[in-house]
Amino acid sequence: MEGTLWKWTNYWNGWQTRWFVLENGILSYYKSQEEVNQGCKGSVKISVCQINVNTIDNTRLDLVIPGQQHMYLRAPSPQDRQKWLVALGSAKACVDSKGDAIVTGLEDTNALCHKKSELRLYCDLMMQQVHAVKSAATSEEGPEVQKIEDASSLLTATCDTFIRTLEDIMKLTSTLGGNGVPFDMGRANISKCASKLQSTNKTPRQSLSRSVSQENR
């Protein structure tokens, strides 16, 4: 995924537009899309970040490496922020579970903490998206079909990512429990759950349907 986001630089320059590219678990940013070939101005590995949803500004998202640095970002719109949050969360989940490798001891505990943080992120997102669907469906001027379709599509993607993250948590929990047998919901079951979630989020037309290398620049 790639696109324009506003990045907080410092109190002198404030928010500045930057071109962001999320690829292979790394979020890199450039001064502009035209300067991508000139090298990035900074990057962060998503696997070591906490992804926070700002509850006051619905366009804000913060990437935090505990005890180190913060990257404060703003999206052009709430919908764009939600797309970035889902993409970032999915990238983090994929990197953490790549190859379904199982780590032990402290690494396992840290991984579990990260996963729980992701789960809270997706819970916050789902609540916002459900509210968006409800607001559009109960508009005084009648159901706003396009808004319901957009919010439902985002909600389906968030639910799918929520399920994958929950599966990872169950695997880690089983390993930490000492039985040595990782929990596996099975991709078929996940697909079935995702399918059910999608069918319950039809529109009115259908049924009334991380390591940081960055500077303040």
Would you mind reporting whether [Y] and [X] have side-chain heavy atoms less than 4.5 Å apart?
X: Leu5; Y: Arg18; result: no
X: Asn13; Y: Trp8; result: no
X: Leu27; Y: Leu63; result: yes
X: Pro76; Y: Trp6; result: yes
X: Leu61; Y: Val53; result: no
X: Trp19; Y: Glu2; result: yes

(message) Against Lys7, only a single residue in Trp15, Tyr72, Tyr29 fulfils side chain to side chain contact (heavy atoms under 4.5 Å, CB included); can you say which?
(response) Tyr29
Between the main-chain N or O of [Y] and the side-chain N or O of [X], is there a donor-acceptor pair closer than 3.5 Å?
X: Thr9; Y: Gly14; value: yes
X: Thr156; Y: Ser152; value: yes
X: Arg81; Y: Arg60; value: yes

(request) Check step by step if side-chain contact (heavy atoms from CB on, under 4.5 Å) holds for Asp62 and Met71. (result) CA-CA 6 Å; Asp62 304 333; Met71 184 184 287; over 6 Å; no
(message) If I take atom OG1 from residue Thr158 and atom NZ from residue Lys83, how far apart are they, to the nearest 0.5 angstrom?
(response)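 NZ of Lys83 is found 12.0 Å from OG1 of Thr158.
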(message) Taking Asp168 first and then Arg164, would you say they form a salt bridge - that is, a charged N and a carboxylate O separated by under 4.0 Å?
(response) no
(request) Determine the minimum heavy-atom distance between Ile148 and Pro143, stating which atoms define it. (result)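 Heavy atoms of Ile148 and Pro143 come nearest at CD1-CB, 4.2 Å.
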